[in-house]
Number of protein chains: 2
Amino acid sequence: MAGSKSGSQASTTIGRTAYGDGRLSSQREAIARVARDFSAAFSADDLLAAVRVGTPGIGIATVYRAVAAMEAAGFIEVVGVRGNATLYVHCVQEGHHHHVVCTGCGAVADAECSVKATATEAGGFAITGHDLTLYGLCPRCQP
Amino acid sequence: MAGSKSGSQASTTIGRTAYGDGRLSSQREAIARVARDFSAAFSADDLLAAVRVGTPGIGIATVYRAVAAMEAAGFIEVVGVRGNATLYVHCVQEGHHHHVVCTGCGAVADAECSVKATATEAGGFAITGHDLTLYGLCPRCQP
DNA sequence: ATCTGTGCAAAATCTTTGCATTAGC
DNA sequence: GCTAATGCAAAGATTTTGCACAGAT
């Protein structure tokens with residue numbers, strides 16, 4: 001059925017998904033789009049540089065505030081640090097999942113969770129959650 | 001043989017384990033001891049405060065340099081961040097392992113690795129390594 | 001005696017915050 | 001129109017670095 005994709009709403013407020021409710025500015029819309037299109041992990045500064053291409057004049061403070069909002073909404077997630085900067089990635093999956101990071105080019109993909117928290121035996125801790133990051137080479141970086 | 005323990009050398013160089021080869025100062029010895037005795041994750045500043053109790057006058061730069069050396073030697077490891085500060089923990093195990101962090105008091109314990117990197121299917125990545133942190137409640141924080 | 005490690009302080013980074021202005025709803 | 005969001009710049013915080021000096025081997 002043609003209408004299924006109902007492409008109409010042009011920019012179909014990706015911002016809604018990225019920030020939840022609230023006022024949606026053109027800057028935040030642009031930031032969300034760029035964050036979603038990054039194929040690798042990015043820092044606040046990477047985001048600023050990429051967003052400025054299409055939205056000159058945007059400030060770093062705006063990016064930080066948008067990043068905080070996107071993280072709160074679960075649209076992006078912290079995956080580590082590079083130097084002193086925090087790295088984020090856009091999450092495709094919504095529920096519990098993890099990330100696979102390419103040690104070659106830095107590309108990041110979502111990964112299903114296959115961890116059976118059998119580590120309960122570890123010191124008598126009652127495991128309530130976990131965080132897993134896999135490292136490897138993405139298809140294009142494999143020899 | 002009698003001399004084996006050569007008790008004299010009091011502090012049996014824990015520093016050797018912490019920093020590998022090289023010159024071992026009393027400050028680094030103190031830092032390594034404090035790091036080892038921390039029951040929870042600590043930041044560089046936590047370490048400084050704790051070391052200053054027994055070693056007044058020590059500087060933060062020294063702590064940072066010691067932390068870098070201990071991390072390189074595998075004596076401590078980064079387990080996350082608290083606010084803007086990096087958190088470290090002393091590793092009891094030497095080989096591949098992970099950590100269990102108590103969400104109640106912050107206590108940290110080493111955990112064996114039980115991850116079967118079956119996530120190879122994740123986007124065609126060739127998995128070469130991973131990083132896992134478990135969260136839960138330690139025996140004393142369990143209801 | 002040599003050379004690593006130390007301490008102090010300044011520098012470099014990254015991130016947050018205050019305030020007047022702009023723009024969503 | 002009311003308020004959230006923005007942008008600039010200053011403030012904060014953490015981590016790194018330069019340099020002269022002390023201590024370990």
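Protein chains get the first letters and strands the later ones, always in sequence-line order, with residue 1 at the start of each. Everything quoted here is computed from the prediction, not taken from an experiment.
- Nucleotides of DNA chain D lying under 4.0 Å from heavy atoms of chain A occupy a range whose first and last members, 5' to 3', are D/dT3 to D/dT15.
- Hydrophobic clustering, defined by side-chain heavy atoms of Ile, Leu, Val, Met, Phe, Trp and Tyr closer than 4.5 Å, leaves B/V53 isolated from every other such residue.
- The side chain to side chain donor-acceptor pair (under 3.5 Å) search around B/D131 returns none, not counting sequence neighbours.
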Ignoring hydrogens and angles, write down the donor-acceptor pairs under 3.5 Å from the side chains of residues 14-21 of chain B, residues two or more places apart or on other chains.
| from | atom 1 | to | atom 2 | distance (Å) |
| --- | --- | --- | --- | --- |
| B/Y19 | OH | B/R28 | O | 2.7 |

(request) For side-chain contact (heavy atoms from CB on, under 4.5 Å), just list the numbers for A/C102 and A/R140, CA-CA rounded to whole Å, side-chain angles, deciding distance to a tenth of an Å, and then say yes or no. (result) CA-CA 10 Å; A/C102 176; A/R140 286 190 294 183; over 6 Å; no
Solution key, residues 62-73 of chain A side-chain donor-acceptor pairs under 3.5 Å, sequence neighbours excluded:
| from | atom 1 | to | atom 2 | distance (Å) |
| --- | --- | --- | --- | --- |
| A/R65 | NE | A/A61 | O | 3.4 |

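- The side chain of B/T62 places an N or O atom within less than 4.0 Å of a non-bridging phosphate oxygen (OP1 or OP2) of C/dG7.
- A search for ring pair (Phe, Tyr, Trp, His ring centres under 6.0 Å) contacts involving B/F75 returns B/H90, not counting sequence neighbours.
- Cluster partners of B/V92 are absent, since no Ile, Leu, Val, Met, Phe, Trp or Tyr has side-chain heavy atoms less than 4.5 Å from it.
- Within 4.0 Å of A/G83, counting heavy atoms only, lies no atom of the nucleic acid at all.
- Inspection of the A/H130 and B/H98 side chains reveals no N or O donor paired with an N or O acceptor under 3.5 Å.
- Residues B/I58 and A/L24 both approach DNA chain C. Their nearest nucleotides, taken by heavy-atom distance, put B/I58 toward the 5′ side.
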(message) I need a per-nucleotide contact map over nucleotides 11-22 of chain C, read 5' to 3'. Cutoff is protein heavy atoms under 4.0 Å; write B for the base, S for backbone only, - otherwise.
(response) ---SBBBB----
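- In this structure, the CG atom of B/L48 is 12 Å from the C1' atom of C/dG7, given to the nearest Å.
- Scored by the salt bridge (Lys or Arg N to Asp or Glu O under 4.0 Å) test, B/R82 finds B/D46 as partners (sequence neighbours excluded).
- Side-chain heavy-atom separations under 4.5 angstrom define the hydrophobic clusters, and the remaining members of the one that includes A/V101 are A/V79, A/L87, A/V89, A/V108, A/Y135.
- Within the structure, the ring pair (Phe, Tyr, Trp, His ring centres under 6.0 Å) test picks out the following pairs touching residues 23-51 of chain A (sequence neighbours left out): A/F38-A/F42.
- Put simply, CG on B/D21 is 11 Å from P on C/dG5, counting in whole angstrom units.
- Each end of the helix from C/dA1-D/dT25 to C/dC25-D/dG1 gets its own rotation axis from five pairs of C1' atoms, and the angle between them is 40° to the nearest 10 degrees.
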